There are 2 protein chains.
Amino acid sequence: MRVSAKADYAVRAAAELAAAQAEEAPVKGERLAEAQDIPLQFLEHILLELKHHGIVRARRGAKGGYWLARPADEVTIAEIVRAVEGPIAHVQSTPPEDIEYRGNSEHLQAVWIAVRASLRSVLEEVTLADLVSGELPSVVGELTSSKDAWVAR
Amino acid sequence: MRVSAKADYAVRAAAELAAAQAEEAPVKGERLAEAQDIPLQFLEHILLELKHHGIVRARRGAKGGYWLARPADEVTIAEIVRAVEGPIAHVQSTPPEDIEYRGNSEHLQAVWIAVRASLRSVLEEVTLADLVSGELPSVVGELTSSKDAWVAR
DNA sequence: GCACTCCTGACCAAGGAGGTCAGGAAAGTC
DNA sequence: GACTTTCCTGACCTCCTTGGTCAGGAGTGC
């Protein structure tokens with residue numbers, strides 16, 4: 001139930017690309033790495049994965065760099081996380097709907113499905129455009145408004 | 001963003017203990033392992049962790065076994081998951097409220113906080129009593145009612 | 001004293017996390 | 001055509017986690 005460095009890096013780099021989308025010019029990996037303080041070579045692997053998933057495009061050579069394949073308001077955080085981490089909320093590496101629970105844990109499946117749905121309700125709602133503008137969807141506002149949400153437990 | 005085998009096993013074993021709470025007698029590890037099809041020796045390690053976290057009690061010897069330290073309706077899934085997996089929704093192994101995001105990813109912190117809050121809204125609401133009775137809290141019903149929640153993506 | 005059951009630490013293989021390194025391949029510039 | 005720039009790719013590396021197994025020790029009950 002944790003977020004990997006890779007996923008965090010990927011979203012941050014994508015946010016930089018979203019912000020640079022107006023510029024109409026590719027952004028160098030080096031600039032992304034510096035802006036978000038991410039090891040360059042590691043970031044390049046991540047960007048490659050994002051490219052393979054059709055989230056990012058790239059060109060080599062002088063004047064080369066990376067840019068978003070789609071408008072920033074059409075790319076969700078969920079997509080980016082899935083691209084680098086794989087499916088969200090798998091249990092024992094299999095999707096919860098495929099697991100058979102017996103005996104007294106029969107209803108556990110519904111709980112894991114609910115967990116996944118709740119994750120989706122956040123990650124699939126927030127787009128890169130929301131992220132860079134700071135105008136996050138209302139679901140985020142509701143979840144973060146309580147003081148309680150900001151303390152560890 | 002996945003649920004480990006350990007967490008899944010822990011919740012299932014705890015569900016068996018919850019169901020057996022009426023019996024007033026300890027349940028052997030072997031019986032738990034068989035009921036939920038969990039490797040016995042692995043399960044024993046898990047039960048030990050639950051014990052150290054004050055969720056379960058145990059006695060050795062003949063007539064020994066495990067039982068819940070508290071009534072089933074006072075133990076949440078969140079507690080069990082934390083006992084075996086550690087804190088929920090950490091990013092790069094640190095709690096989201098401690099991370100400083102700069103530049104265009106400034107608002108990413110709020111997103112991760114929202115992710116954690118949404119997980120909590122499910123995991124802290126469901127108790128072992130809910131799980132074995134099948135009367136899950138309304139939040140689970142709402143999240144699982146859509147057909148969409150049950151399909152992979 | 002003995003059977004029973006939990007308790008504990010050591011170990012193990014495979015894979016993932018979080019990188020680094022070295023070189024190749026396209027694109028632009030002179 | 002040579003050269004520089006920048007992405008692309010695979011190999012490699014260390015440390016840690018996952019998902020276990022094994023062997024023995026220590027309480028408990030009869």
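Nothing here was measured: the structure is a model prediction, and the numbers come from that model. Because only heavy atoms are used, hydrogens play no part in the values below, and waters and symmetry mates are left out as well, while side chains stay in. To find a chain, count down the sequence lines: A is the first, B the second, and so on, and within it residues start at 1.
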Do the non-hydrogen side-chain atoms of [X] and [Y] ever get within less than 4.5 Å of each other?
{"X": "A/Thr144", "Y": "A/Trp150", "answer": "yes"}
{"X": "B/Val11", "Y": "B/Leu131", "answer": "yes"}
{"X": "B/Ile80", "Y": "B/Leu128", "answer": "yes"}

Distance in angstrom units between [X] [atom1] and [N] [atom2], rounded:
{"X": "A/Lys63", "N": "D/dC3", "atom1": "NZ", "atom2": "P", "result": "22 Å"}
{"X": "B/Leu43", "N": "C/dC6", "atom1": "CG", "atom2": "P", "result": "9 Å"}
{"X": "B/Leu40", "N": "D/dT21", "atom1": "CG", "atom2": "P", "result": "9 Å"}
{"X": "A/Arg57", "N": "C/dA27", "atom1": "CZ", "atom2": "P", "result": "14 Å"}
{"X": "A/Ile46", "N": "D/dC8", "atom1": "CD1", "atom2": "C1'", "result": "15 Å"}
{"X": "A/His90", "N": "D/dT18", "atom1": "NE2", "atom2": "P", "result": "17 Å"}

Self-check item: N/O donor-acceptor pair under 3.5 Å between A/Gln21 side chain and A/Trp67 backbone
Solution: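 No: the side chain of A/Gln21 does not pair with the backbone of A/Trp67.
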Quiz prompt | Atom pair CD/CG of A/Glu34 and A/Leu43 - distance to nearest 0.5 Å | solution =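 It comes to 11.0 Å.
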Quiz item: Roughly how far, to the nearest 0.5 Å, is CD1 of B/Ile38 from CG of B/Leu47?
Solution: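 Answer for the CG-CD1 pair, B/Leu47 versus B/Ile38, is 8.0 Å.
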Quiz item: Any Lys/Arg nitrogen of B/Asp148 or B/Arg153 sitting under 4.0 Å from an Asp/Glu carboxylate oxygen of the other?
Solution: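 Yes, charged N to carboxylate O under 4.0 Å.
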Practice problem: Could you tell me whether A/Arg82 and A/Glu124 make a salt bridge, using a distance below 4.0 angstrom between a side-chain N and a carboxylate O? | Solution: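 Judged by the 4.0 Å cut-off on N to carboxylate O distance, A/Arg82 and A/Glu124 do form a salt bridge.
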Self-check item: Per-nucleotide protein contact string for nucleotides 8-18 of chain C (B base, S sugar-phosphate only, - none; heavy atom under 4.0 Å)
Solution: SBB-------S
Practice problem: Identify, residue by residue, the members of residues 16-37 of chain B with a heavy atom below 4.0 Å from DNA chain D, and return them in order of residue number, or none. | Solution: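 When residues 16-37 of chain B is checked for heavy atoms under 4.0 Å from DNA chain D, there are no hits whatsoever.
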Practice problem: Output the single nucleotide from D/dC30, D/dT6, C/dT5 whose closest atom is nearest the side chain of A/Arg60. | Solution: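 Between D/dC30, D/dT6, C/dT5, the one nearest the side chain of A/Arg60 would be D/dT6.
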